[in-house]
Protein chains: 2
Amino acid sequence: MKNENHEVLLEQKGLKKTKVRMALLQHFMGLDHAQSYSDLQTALAKEVDKSTLYRNLTSFEQAGIIHRINDHSGVSKYAFGESPIQGNEHAHFVCECCETVYCMEGLAPLQLKVPKGFKTKKVQTIIRGICAAC
Amino acid sequence: MKNENHEVLLEQKGLKKTKVRMALLQHFMGLDHAQSYSDLQTALAKEVDKSTLYRNLTSFEQAGIIHRINDHSGVSKYAFGESPIQGNEHAHFVCECCETVYCMEGLAPLQLKVPKGFKTKKVQTIIRGICAAC
DNA sequence: TTTATAAATGCAACTAAGTTGCATTTATAT
DNA sequence: ATATAAATGCAACTTAGTTGCATTTATAAA
């Protein structure tokens, strides 16, 4: 991916093109699995301030550039692309061996019957198993 | 539920009958929704030490008395009964209005196709919507 | 009933995630 | 070139959850 693309993306979303954001985009695109805050902190060689990082994750999430995933590990993870609960319906796969989280695109959404009085809006699915790398 | 039942349950699981545990069981049984640490801390009038509470939650979970639920809120919640990923297969319903988490018993587990190299072990489902109380 | 002992409790100190207020810096539109 | 709104960095904070250790308590055995 070229820097050009990142700039266009940020502009589209009305976000200023800053070093931290360019580095973040660079890092997210081309990754096939989700990143925690500490993964990101480690990956972004030039130390980025904690609050700056979190604020950018929030901005990106609101802009639909990334989505936040809760995988039962206790910490949020973030992956490129829109959220499954708005727009891009997909499931998440958590490897029980390496704890890596992948987005599984194109899985049929499921229908579940709920008790009287309850109204389903969205269904979120986490698949646990062993990933291709393990 | 009588105290008798709680005592029997603890004995069955090889756990000592203590005040904190009896109070916890008392609280969990008869509830139709999940509790966070802070819910529990508030509910157990007689202040219980944080680590004692967490340790008991862990013991109860290991004994299959309660199970831990991740509802995307960032904090774990706990509900009476065995875990859906061992034994008691069920989905969790999260109310988008009041954030209450309910266990939905008897929902059919589903088959999802994953990419080559990935192996599914368990599927966890969170249903988001509006609950009967809202 | 007393006593030994292993487990449970309470406390303090800690880690790590995530948030907030504020002063400074920087990207961008004019 | 400059004004301005947004982004950054910093410090201080909150809350979830954990750990080590000394004390207490439930229970089983004498």
Side-chain angles (χ1 to χ4, degrees), chain A residues 3-4 6-27 34-63 65-78 99 101, chain B residues 3-4 6-27 34-63 65-78 99 101:
Chain A
N3 268 7
E4 294 283 315
H6 303 160
E7 296 185 22
V8 170
L9 181 57
L10 289 175
E11 201 168 338
Q12 275 176 356
K13 303 295 186 177
L15 296 170
K16 289 185 178 170
K17 175 189 56 161
T18 68
K19 286 168 198 163
V20 177
R21 285 176 181 168
M22 294 297 276
L24 260 178
L25 281 184
Q26 186 73 30
H27 181 68
Q35 300 280 285
S36 67
Y37 160 75
S38 78
D39 291 337
L40 293 169
Q41 195 55 271
T42 306
L44 299 176
K46 298 281 175 194
E47 267 187 42
V48 173
D49 181 72
K50 185 199 274 217
S51 54
T52 299
L53 185 39
Y54 276 115
R55 285 192 275 233
N56 277 317
L57 290 172
T58 303
S59 309
F60 280 13
E61 193 189 2
Q62 282 166 359
I65 297 174
I66 63 172
H67 63 282
R68 190 182 300 239
I69 304 165
N70 192 307
D71 66 349
H72 250 219
S73 72
V75 318
S76 290
K77 290 182 179 156
Y78 306 85
E99 296 300 320
V101 176
Chain B
N3 267 8
E4 294 284 314
H6 302 160
E7 295 185 22
V8 171
L9 181 57
L10 289 175
E11 201 169 336
Q12 274 177 356
K13 303 295 184 176
L15 296 170
K16 287 185 180 171
K17 175 189 57 161
T18 68
K19 285 168 197 163
V20 176
R21 286 178 180 165
M22 293 298 274
L24 260 178
L25 280 184
Q26 184 74 29
H27 181 67
Q35 300 280 285
S36 66
Y37 160 74
S38 78
D39 292 338
L40 292 169
Q41 194 55 271
T42 306
L44 299 175
K46 297 280 176 195
E47 267 187 45
V48 173
D49 181 70
K50 185 199 275 218
S51 55
T52 299
L53 185 37
Y54 276 115
R55 284 192 275 233
N56 277 317
L57 290 172
T58 303
S59 308
F60 279 13
E61 193 190 2
Q62 282 166 359
I65 297 174
I66 63 172
H67 62 283
R68 191 183 300 240
I69 304 166
N70 190 308
D71 66 348
H72 255 219
S73 72
V75 318
S76 289
K77 291 184 178 154
Y78 305 84
E99 297 299 320
V101 176

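Naming: A, B, ... by sequence-line order, numbering from 1 per chain.
- Atom CG of A/Leu53 is separated from atom P of C/dT20 by 16 Å (rounded to the nearest Å).
- Heavy-atom distances to DNA chain D give each of B/Tyr78 and B/Lys17 a nearest nucleotide, and the one nearer the 5′ end belongs to B/Tyr78.
- Rounded to an integer number of Å, the gap from OH of A/Tyr37 to P of C/dT15 is 15 Å.
- If you measure from atom CD of B/Gln41 to atom P of D/dT14, you get 17 Å, rounded to the nearest angstrom.
- Taken from NZ in B/Lys77 to CD in B/Gln35, the straight-line distance is 9.5 Å, to the nearest 0.5 Å.
- Regarding B/Gln35, its CD atom lies at a distance of 14 Å from the P atom of D/dG17, rounded to whole Å.
- When Watson-Crick and G-U wobble pairs are counted only if both distances are under 3.5 Å, C/dC22 pairs with D/dG9.
- Under the side-chain hydrogen bond (donor to acceptor under 3.5 Å, both in side chains) criterion, the residue pairs touching residues 48-57 of chain A are A/Arg21-A/Asn56, A/Asp49-A/Ser51, A/Ser51-A/Arg55, with sequence neighbours excluded.
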Could you list all N or O pairs between the protein and nucleotides 4-10 of chain D that sit under 3.5 Å apart?
residue: D/dA5; atom: N3; partner: A/Lys16; partner atom: NZ; Å: 3.4
residue: D/dA6; atom: O4'; partner: A/Lys16; partner atom: NZ; Å: 3.1
residue: D/dA7; atom: OP1; partner: A/Arg21; partner atom: NH1; Å: 2.8
residue: D/dA7; atom: OP1; partner: A/Arg21; partner atom: NH2; Å: 2.8
residue: D/dA7; atom: O5'; partner: A/Arg21; partner atom: NH2; Å: 3.4
residue: D/dT8; atom: OP1; partner: A/Thr18; partner atom: OG1; Å: 2.6
residue: D/dT8; atom: OP2; partner: A/Asn56; partner atom: OD1; Å: 3.2
residue: D/dT8; atom: OP2; partner: A/Asn56; partner atom: ND2; Å: 2.8
residue: D/dG9; atom: N7; partner: A/Arg55; partner atom: NH2; Å: 3.4
residue: D/dG9; atom: O6; partner: A/Arg55; partner atom: NH2; Å: 2.6
residue: D/dC10; atom: N4; partner: A/Ser51; partner atom: OG; Å: 2.7

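- With the nearest nucleotide of DNA chain D identified for both B/Glu11 and B/Gly74, B/Gly74 has the one nearer the 5' end.
- From B/Ile69, atom CD1 reaches atom NE2 of B/His67 across 4.0 Å, with rounding to the nearest 0.5 Å.
- Under a cut-off of 6.0 angstrom, the local environment of CD in A/Glu99 is crowded, with over 12 non-hydrogen atoms contributed by other residues, nucleotides or ligands.
- Atom CE in A/Met22 sits roughly 15 Å away from atom C1' in C/dT26 (whole-Å rounding).
- Annotation: the span from A/Leu57 atom CG to A/Ile66 atom CD1 amounts to 4.5 Å, rounded to 0.5 Å.
- Rounded to whole Å, atom P of D/dA16 lies 11 Å from atom CG of B/Leu40.
- The separation between B/Tyr54 atom OH and D/dG20 atom C1' is 18 Å, rounded to whole Å.
- Counting heavy atoms of neighbouring residues, nucleotides and ligands inside a 6.0 Å radius, atom CD of B/Gln41 exceeds 12 of them.
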